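Numbers here simply count residues along the sequence, with the first being 1. Keep in mind that this is a model prediction, so the values were computed, not measured.
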Amino acid sequence: MFSSVLSAAIMGVECFPVRVEADVSDGLPMFNMVGYLTSQVREAQDRVKTAMRNMGIALPPKRVTINLSPGDLRKDGPAFDLPIAAAILTALGYLEEVMVKDVLIVGELSLDGTVHPVSGILAMVDKAKELGCRACVLPKENWREGNIIQGIPVAGVSTLKETIEMLRSGDFERFQRENPVGEVFYREPEYSLDFDEIQGQEAVKRAAVVAAAGFHNLLMIGPPGAGKTMVARRLPTIMPLPSLEECIEISRIYSIAGLLPADSPLMVTRPFRAPHHTLSPQALAGGGRIPRPGEITLAHRGILFLDELTEFSRVSLEILRQPLEDRQILIARAMGSFCFPANCMVVAAMNPCGCGYFPDMNRCTCRPGDISKYLRKISGPLLDRMDICVEAGAVRYQDIASKRKKGPSSADLRKEITRVHKTQEDRFRGTEIRFNSQIPGSELETFCPVEKQGRELLEKAYKKMNFSIRGYHRILKTARTIADLEGEEILLKRHIGEAICYRKADKKYWNI
């Protein structure tokens, strides 16, 4: 007696179909599982046998062989419990082969037959739709998440008994909803923070607006308590909301990582990741024996905030160099190579020295050698990849004590930045470019026309400040965003001048 059931496995951020085959034949009673399995998957045999016995189905004293195909794909996690049980039940005659044909089944079983949720449902249902499956059977807790993918019926089950009844009835259509994303996607998000709460630091706020408008990397340097972290944590409130396709892309990553919020099956705001500086290089880049997304990937389409930048290990920081250029990170393992998306905006904050008060020599207690050593923790190539470097000076007493005059709110700034994002969308339509920060060097002449006076200023700055070619390109990209904020198509001298100023802070500190 032989049967097979369709399931799925997650590798990196991709999903692959897995055929769960069961054979029940005469021979020495045993339960054997093959197919390049981890210990987690091998433990399924005890869970499945006990769950079936507790619901009144005892395995006959026969030889049971389970194969998870393809054999060269490593399988991990408890999601194969339910499809293994379904394959055995089909082989024993409790289910007919036609009932499980072209139905994707995933779920973890407890010993009493309860079906528990698993990670990666969005990717699995999307793969099932791609393969032309007629339905998916998932744990009930994953049902809302699975329904985000439209065009394929998704049934949620709570127990193994419900699974059998569902497969026998074949009535999957009654679970399908017409607009499963409407209840969460069109809900206006509420933020507890607002940009108008920031006192002073007008230059830093302006730099933050430019960075958000063009998706530019931002580095803030200043003494403790200057408001660097305050600005960074309010950046998500001025970022335009992601499109539905971006929401699904972000949610897919979080589903695979097991981080999708329980109260929402869809991520409707851009991610904001702020890892502690003690994190390992593997936690930042992703990886493991079976690679999983790291912080760079979890910040995809959003913001990766690195507070106390100089406290991160040198190895961790250097990992950022390739993803900041390629917008993806490639991880190679013996079993294969995995490509993780890493299209995020990096925002970093740091002190200029160990005590935090350089160049105020009235307060700074560091020796010149110590300051230089402290700043050298940030390499030149990494610094060169920061589009905007701005100095956050100490907040003046007048800004604190005087009656606070509110600046633009997050809602006001978000409207302005949304307009700039729309301008970029129209400009780059038909290309793979999304934001000004992503313009390749070969296209700069096309998308960044500069007036004569602006070119003269750019030439002087290039010669005097010894910019690299990458730094030169990033000045043009930043100037393009500044011009878009003013509604200008041609890059004027003042746009170039402001963009150059955003490269002066790093020259000030790293040339000491």
Closer than 4.0 angstrom, basic N to acidic O: yes or no for [X] and [Y]?
X	Y	result
E97	K101	no
E162	K140	no
E325	R474	yes
E432	R327	no
E130	K127	yes
K129	D126	no
E249	R252	no

So [Y] and [X], do their side chains get closer than 4.5 Å, heavy atoms only?
X	Y	result
F2	E21	yes
L82	V118	no
P271	H300	no
H277	D307	no
D26	K62	yes

Side chain to side chain contact (heavy atoms under 4.5 Å, CB included) assessment of M239 paired with I417:
CA-CA 7 Å; M239 297 285 286; I417 293 171; 5.5 Å; no
Over all heavy atoms of both residues, which pair between P281 and I319 is shortest? Give the atoms and the distance, please.
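Of all heavy-atom pairs spanning P281 and I319, the closest is CB-CD1, 3.3 Å.
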Do side-chain atoms of E145 reach the backbone of N142 as a donor and acceptor pair under 3.5 angstrom?
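Not a single qualifying donor-acceptor pair exists.
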Where the side chain of R414 meets the backbone of T237, is there a donor-acceptor pair that is under 3.5 Å apart?
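The answer is yes, because a donor-acceptor pair under 3.5 Å joins these two groups.
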Under a plain distance cut-off of 3.5 Å, with no hydrogens placed, do D112 and T114 share a side-chain donor-acceptor pair?
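Their side chains do contain a donor-acceptor pair, which is all the 3.5 Å distance test asks for.
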Would you say the side-chain atoms of N436 and T481 include a donor-acceptor pair closer than 3.5 Å?
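T481 and N436 do have a side-chain donor-acceptor pair below 3.5 Å.
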Should we say atom CD of E96 is surrounded by more than 12 heavy atoms from elsewhere, each under 6.0 Å from it?
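No, not enclosed.
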